[in-house]
Novice: 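Could you have a look at this structure, given as structure tokens, before my questions?
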Amino acid sequence: MNTDELRERLRFLNDIGIKELRLPPVAMAPPTKIDILPSLSPDGDTLARISADIGDCTRCKLHAGRNKIVFGSGNENARLVFVGEGPGADEDAQGFPFVGRAGQLLTQMIDGTASKEGIPIRRSDTYICNVVKCRPPENRTPEPDEMAICGEFLFRQLMTIKPKAICALGSTAAKAVLGTKDGVMKLRGNWHKWRDIPVMVTYHPSYLLRPYNQNAKREAWEDLKKVLHYVYD
Ligand code: URA
């Protein structure tokens, strides 16, 4: 690994909230292969290349329970990227993000809001992916090591697409993209930044599917309106 690659790797770790690195005890044997992941931003990176680099991934424990890797879907040149947490059962079975109940709500939110606001786009004009590409067991929250490993691929996806804005769905996506511990309630509704790209955080559609979340639903629609107008006006 050269100095630039090391700098980029440290910046990535900082971005996802890892501020301190502990060196292994000196008595430990050095790892035989230090760089288990490809470079963070290879020249001429493409989504196809990132997907090929993921390959039949076994880099973290999530691989053991997955059926399909859920890489992402939508327009490779999208001006807007949505980032979710990780695949659920439907996504794991089909290999595509947000195809279950939460996905149907996300589609309604994007298509419905765009149409009401007179913005001529649909879900398929955006790009949608997750922080982790394999389904966590029992849909648990992805763990820091899983997010750190898969986060590199997410960041490459974002760097390759270079959208005008990113919409982080829920606190796991916000944490991965912004490297913050703050929750959605605190972050939502205002613009943040990943590198130079504006990031809006809003509620995860699964949260909106729960009863008694009328207020959150209204706020999510407001957030989405803000994002759509910023990106497409
Ligand atoms: N929830 C997510 O965060 N992502 C999906 O792809 C589906 C449900």
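Quick note: numbers below take in every heavy atom, side chains included, and nothing from hydrogens, waters or symmetry partners. Order of appearance sets the numbers: ligands from 1, and atoms from 1 within every ligand. In what follows, residues are counted from 1 in the order of the sequence shown.
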Novice: How about Phe82 and His204: are their ring centres within less than 6.0 Å of each other?
Specialist: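 Between Phe82 and His204, the centre distance exceeds or equals 6.0 Å.
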Novice: Does a side chain donor of either Arg218 or Asn215 reach within less than 3.5 Å of an acceptor in the other side chain?
Specialist: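 The answer is yes; a qualifying pair exists.
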Novice: If you count only heavy atoms, which residues are under 4.0 Å from ligand 1?
Specialist: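 Under the 4.0 Å cut-off, ligand 1 touches Gly84, Glu85, Gly86, Glu91, Pro97, Phe98, Asn130, His204.
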Novice: Just jot down the ring pair (Phe, Tyr, Trp, His ring centres under 6.0 Å) partners of Trp191, sequence neighbours excluded, or say none.
Specialist: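 Listed in chain order: Tyr230.
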Novice: Taking side chain to side chain contact (heavy atoms under 4.5 Å, CB included) as the definition, give me every residue that meets it alongside Ser171, ordered by chain and number, with sequence neighbours left out.
Specialist: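 Scan of Ser171 (side chain to side chain contact (heavy atoms under 4.5 Å, CB included), adjacent residues dropped) gives Val184.
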Novice: Are any of the side-chain heavy atoms of Cys167 and Val81 separated by less than 4.5 Å?
Specialist: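 Not touching, per the 4.5 Å side-chain cut-off.
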Novice: Test: side chain to side chain donor-acceptor pair (under 3.5 Å). Region: residues 67-77. Which pairs qualify, not counting sequence neighbours?
Specialist: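 Every pair satisfying side chain to side chain donor-acceptor pair (under 3.5 Å) with a residue in residues 67-77: Asn67-Asp92.
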